[in-house]
Structures are given as structure tokens and as C-alpha cells.
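Presented below is the structure to which this report refers.
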Amino acid sequence: MTHQLPTATVRSRVRVPLAFADGYRVEADVHTFHGLADGAEHLALALGDPAATPTPLVRLHSECLTGDVFGSARCDCGPQLRESVQRIAETGGYLLYLRQEGRGIGLYNKLDAYALQDSGLDTYQANAALGLPEDGRDYTAAAQMLTTLGAPAVRLLSNNPDKSGQLQALGIQVRNRIPTGVHTTPHNLTYLRAKVRGTTDLPAHDLLAGRIV
């Protein structure tokens, strides 16, 4: 059953040139919103020409200060962000930058979970030990943003079936789900193994090659 979405409106739109550490540059139209269900300051970055296709490519990217800004090698968030921006810019679509640090548990809790991971727990076990959900993210605001931007049907750039499931329950048609690459470092293999156990759509060739499990 789909849910009736609260109405959201575009608050502002501004052109922002983006530059990444590897030299890749692109311009994005950054949208802010009024009326998002959780009251958070989520952003929608329009890349390329979203209107060129009836099903724009969309990435729901959860904020990761340590990975996106500081380049932490303990996760794959920064490389996924970089990959997604280019892939979306090439075909036209939206990157929704969602303020959901640590799968919705917040920055301090995420760092506390890191400390527990250093003692041998995986990311899901560490969250449970802190009395927190394995994944507390809700994508109602993302569905509102896509509806407001005139994108009721999308191609979703994601390895996580929960994202597509929630969007479809909220009335957004996910025509297909396209996996991102697998970005491994010596520091994030345990994290990625846990993600494989928690999701089901990481590329099979990487799994079979033993690079993750």
C-alpha cells in the first residue's frame, strides 16, 4: 500500500560548480525544500539534464562526514558519492544528499560504533550494542523531493533493496535498480562484508572473486 505524501515545495535553487579531489568537475543545480516530513535540510542536486529522460537516474546518498569530507577509508561513501555524481551527470538525474549520518544514528553514535568495531564487532552488531537500529533511515523526504521535482519514475543507483522498496511504497516507481561499484580499501573490508550480509545486490563478480567475502 502506498502512503499519502505530505506536500513539499522547492525553497531555492542555486547553480554550484563541484570539484573533486581527482580533478573531476561538474555543475549542479542544488535545490532546497520547504515541508519535508522530517524537517531536515536535505538537498537535491540536479546533474546533467534530468528532463532528457522520463526516468532520470537517481542516487539516495546518506550524508557521511567522515567519508564524504575527510576521505575516511573505513567506508565506501566518498567513492560512491564521486562515482554517482559522474554517472548521473552523464545521463541526467538527481543526487539526493540526505542528512542521515551513520544510517540515521548520527555522527557521534557512528563514531561510538567505530570504537566497538575496533573491538571486533561488525557495523550492525556495534549499532545493536549501542541500542540503535541496524538501519534507521526513512526515505519519505526523498520521495517528497522526487515528487516535487517531477520525477515520479526513476532508475535507482543503489546496492540496497530497502531504498527501492521504501520509494515504491511511497509512490515512486523504481523502473530498475543499478548497482554502484565496489570500492575496497584495506580498512573497509570488514565493513563491506557486513554490507553484503545486510543487502543482497552487491556485484556477484566481486563476491565470487573473494574481494569482499
Side-chain angles (χ1 to χ4, degrees), residues 1-16 18 24 26-64 68 76-77 79-100 103-104 135-182 195 198-204:
M1 177 181 296
T2 59
H3 299 279
Q4 184 65 39
L5 287 175
T7 300
T9 58
V10 172
R11 173 183 174 276
S12 65
R13 171 180 169 178
V14 60
R15 190 78 165 171
V16 177
L18 308 180
Y24 177 71
V26 70
E27 292 195 349
D29 288 323
V30 180
H31 298 74
T32 66
F33 298 85
H34 286 302
L36 296 181
D38 57 9
E41 294 184 334
H42 306 299
L43 302 174
L45 281 66
L47 296 154
D49 183 5
T53 171
T55 53
L57 186 62
V58 169
R59 167 76 180 167
L60 311 186
H61 187 88
S62 296
E63 175 184 39
C64 178
D68 297 341
D76 58 346
C77 301
Q80 280 192 329
L81 176 63
R82 164 66 179 84
E83 173 196 359
S84 298
V85 167
Q86 183 169 358
R87 291 178 68 176
I88 294 169
E90 289 171 350
T91 64
Y94 300 99
L95 185 137
L96 306 190
Y97 197 81
L98 306 174
R99 312 303 297 274
Q100 300 173 330
R103 296 194 187 92
D135 191 335
R137 291 174 292 183
D138 179 278
Y139 297 107
T140 301
Q144 288 180 280
M145 294 159 78
L146 291 171
T147 300
T148 301
L149 292 168
V154 303
R155 293 173 294 125
L156 187 64
L157 187 57
S158 177
N159 298 321
N160 187 346
D162 183 53
K163 291 181 179 180
S164 60
Q166 285 200 41
L167 284 182
Q168 292 186 102
L170 291 161
I172 301 297
Q173 298 178 46
V174 179
R175 294 290 171 80
N176 61 321
R177 184 160 52 89
I178 303 164
T180 66
V182 177
K195 284 180 73 172
T199 61
T200 59
D201 197 32
L202 289 172

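Here the structure is a predicted model, which means the values were calculated and not measured.
Rounding to the nearest 0.5 Å gives a distance of 7.5 Å between CG of Leu149 and CG of Leu96. Put simply, CG on Leu157 and NZ on Lys163 are 9.0 Å apart, with the number rounded to the nearest 0.5 Å. Summarising the geometry, atom CG belonging to Asp135 is positioned 7.5 Å from atom OG belonging to Ser62; distances are rounded to the nearest 0.5 Å. Atoms CG and CG, from Leu47 and Leu57 in turn, are 9.5 Å apart once rounded to the nearest 0.5 Å. Going from atom CD1 of Ile178 over to atom OG of Ser84 covers 10.5 Å, rounded to the nearest 0.5 Å. In this structure, CZ on Arg11 lies 14.5 Å from OG1 on Thr148, to the nearest 0.5 angstrom.
Legend: residues meeting salt bridge (charged side-chain N to carboxylate O under 4.0 Å, His left out) with Glu41, ordered by chain and number and at least two apart, are absent. With sequence neighbours excluded, the residues satisfying side chain to side chain donor-acceptor pair (under 3.5 Å) with Arg87 are Glu83. Tyr139 is linked by a side chain to side chain donor-acceptor pair (under 3.5 Å) to Arg137, counting only residues two or more places apart in sequence or in another chain. Listed by chain and number, the residues in a side chain to side chain donor-acceptor pair (under 3.5 Å) with Asp49 amount to none (sequence neighbours excluded). Gln144 is linked by a side chain to side chain donor-acceptor pair (under 3.5 Å) to nothing, counting only residues two or more places apart in sequence or in another chain.
Contact check for Thr32 versus Leu43: side-chain heavy atoms found under the 4.5 Å cut-off. With a 4.5 Å cut-off on side-chain heavy atoms, Thr147 and Thr7 do not count as touching. When side chains are defined from C-beta on, Met145 counts as touching Leu36, because their heavy atoms get closer than 4.5 Å. A 4.5 Å side-chain heavy-atom check between Leu156 and Ile172 finds every atom pair outside the cut-off. Using a 4.5 Å heavy-atom threshold, the side chains of Phe33 and His42 count as separate. With a 4.5 Å cut-off on side-chain heavy atoms, Leu45 and Val30 count as touching. Annotation: side chain of Leu167 is not in contact with side chain of Val58 (no heavy-atom distance under 4.5 Å).
Among all heavy-atom pairs drawn from Pro50 and Gly93, the shortest one is CG-O, 3.5 Å. Across Pro161 and Asn159, no two heavy atoms sit closer than the pair CD-O, 3.4 Å. Residues Cys64 and Tyr97 come closest through the heavy atom pair N-OH, 3.6 Å. Between Leu170 and Ala143 the shortest heavy-atom distance is CB-CB, 3.7 Å.
With no hydrogens or angles considered, a side-chain donor-acceptor pair links Thr140 and Asp138 at under 3.5 Å.
Applying the salt bridge (charged side-chain N to carboxylate O under 4.0 Å, His left out) test to pairs two or more places apart or on separate chains, those with a residue in residues 54-64 are Glu63-Arg99.
Using the six-membered ring where Trp is involved, Tyr94 and His31 have ring planes that are perpendicular, over 60° apart on the 30 and 60° scheme.
Exactly one residue among Ile88, Val174, Thr91 makes a side chain to side chain contact (heavy atoms under 4.5 Å, CB included) with Arg155. That residue is Thr91.
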